[in-house]
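First up is the structure itself, then whatever we jot down about it.
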Amino acid sequence: DDAVSGGNSITAFGGRFEEAKWELKFVDSAENGRVHAWTDPIRLVPRTPLVVDDFGNALLCIAVDQNDELLSEAWSMDFEEDNPTILINHRIPELKDKMQSANEISMLIMPEVLSHVVDKLICSHCETRITPGTDSWQGRWLTWAYNRVDSTLPDELSTENGLLQSFEWKAELLSKLKADIDQAAQVSDFIQGGVAE
């Protein structure tokens, strides 16, 4: 816009400021297209951590979808960043606040979120074996999961037995989460409270 208008002011990113990323590149002025060094892109407005691991590192983030990708869905998952992110439909930004506290909505949605994350984790493990303790989101999630259940994700998933073991591991992890949040009691309290009101 600045180049077209001949002015000297720039409106950076417009209405999609929350989606903007900062990246620094050192380029060669003499050789067009040559880049000597660069940084990883970093969001100007970081996504809000929703779940952290035992060491305080973000495992799961939450953000309102500013790109109008979600039409009829209330929420969806995004795996394009450093951490899996719950994207909330921009028409119901209040859901973000609900998800950030322990309530009937978050108690019902979080197991499904965990299911999506574990499915993606298993797919990633099929492509490249994941090692717990690594700095990738997959490594952090695997470390977190291993601290909660006794079983482990099988090393080899390409066999029928390995695939069955991965499903059993996922079921054990989801069952543990539902027990930890006492899902049935939380929903029952909400229903009973709703009837009494």
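When side chains are defined from C-beta on, D135 counts as touching R140, because their heavy atoms get closer than 4.5 Å. Residues M77 and V113 form a side-chain contact, since some pair of their non-hydrogen atoms from C-beta on lies under 4.5 Å apart. In this structure the side chain of F26 never reaches within 4.5 angstrom of the side chain of V35, judged on heavy atoms. Counting heavy atoms from C-beta on, the side chains of N83 and L59 never come closer than 4.5 Å. Contact of the L114 side chain with the W141 side chain is registered, since non-hydrogen atoms from C-beta on lie closer than 4.5 Å. Here the side chains of I122 and F167 are not in contact, with every heavy-atom distance at 4.5 Å or above. Side chains of E73 and N89 form no contact here, defined as non-hydrogen atoms less than 4.5 Å apart.
When all heavy atoms are compared, the tightest approach of K176 to R148 is CE-O, 3.3 Å. Nearest heavy-atom pair, G162 versus P154, reported as atom, atom and distance to 0.1 Å: O-CG, 3.3 Å. Residues L153 and Y146 come closest through the heavy atom pair N-OH, 3.0 Å. Nearest heavy-atom pair, L173 versus A145, reported as atom, atom and distance to 0.1 Å: CD2-CB, 3.8 Å. Of all heavy-atom pairs between S101 and S106, the closest is O-OG, 2.8 Å. Of all heavy-atom pairs between H125 and I130, the closest is ND1-N, 3.0 Å.
Put simply, the side chain of T143 gets close to the backbone of G133: a donor and an acceptor are under 3.5 Å apart. The backbone N or O of E172 lies less than 3.5 Å from no partner atom in the side chain of S175, so there is not a single donor-acceptor pair.
The structure places CD of Q138 at 9.5 Å from CD of E127, a figure rounded to the nearest 0.5 Å. The line from CD1 of I109 to CE of M107 is 11.5 Å long, rounded to the nearest 0.5 Å. Rounding to the nearest 0.5 Å places CD1 of I62 at 6.5 Å from CG of L95.
Summarising the hydrophobic clusters (Ile, Leu, Val, Met, Phe, Trp, Tyr; side-chain heavy atoms under 4.5 Å, direct or chained), the residues clustered with L164 are none.
Of the N and O atoms on the side chains of K170 and S115, at least one donor lies less than 3.5 Å from an acceptor on the other residue.
The ring-ring contact (aromatic ring centres under 6.0 Å, His included) test applied to H116 returns W75, not counting sequence neighbours. For D150, there are no salt bridge (Lys or Arg N to Asp or Glu O under 4.0 Å) partners two or more places apart in sequence or in a different chain.
W169 and L163 end up in different hydrophobic clusters when Ile, Leu, Val, Met, Phe, Trp and Tyr side chains are linked at under 4.5 Å.
When the shell of 6.0 Å around CG of N32 is examined, it contains 12 or fewer heavy atoms from other residues, nucleotides or ligands. E94 CD: more than 12 foreign heavy atoms inside a 6.0 Å radius.
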Legend entry - Intermediate values then yes/no, side chain to side chain contact (heavy atoms under 4.5 Å, CB included), M99 and M110: CA-CA 8 Å; M99 289 296 297; M110 285 309 291; 3.5 Å; yes
Inset, instruction - Could you walk me through whether W137 and K120 pass side chain to side chain contact (heavy atoms under 4.5 Å, CB included), step by step? - result: CA-CA 11 Å; W137 75 260; K120 189 72 170 181; 3.8 Å; yes
Inset, instruction - Go through V27 and H36 one step at a time and tell me if the side chain to side chain contact (heavy atoms under 4.5 Å, CB included) criterion holds. - result: CA-CA 6 Å; V27 298; H36 294 287; over 6 Å; no
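Residue L70 forms a side chain to side chain contact (heavy atoms under 4.5 Å, CB included) with just one option from V64, D65, I92, and that option is D65.
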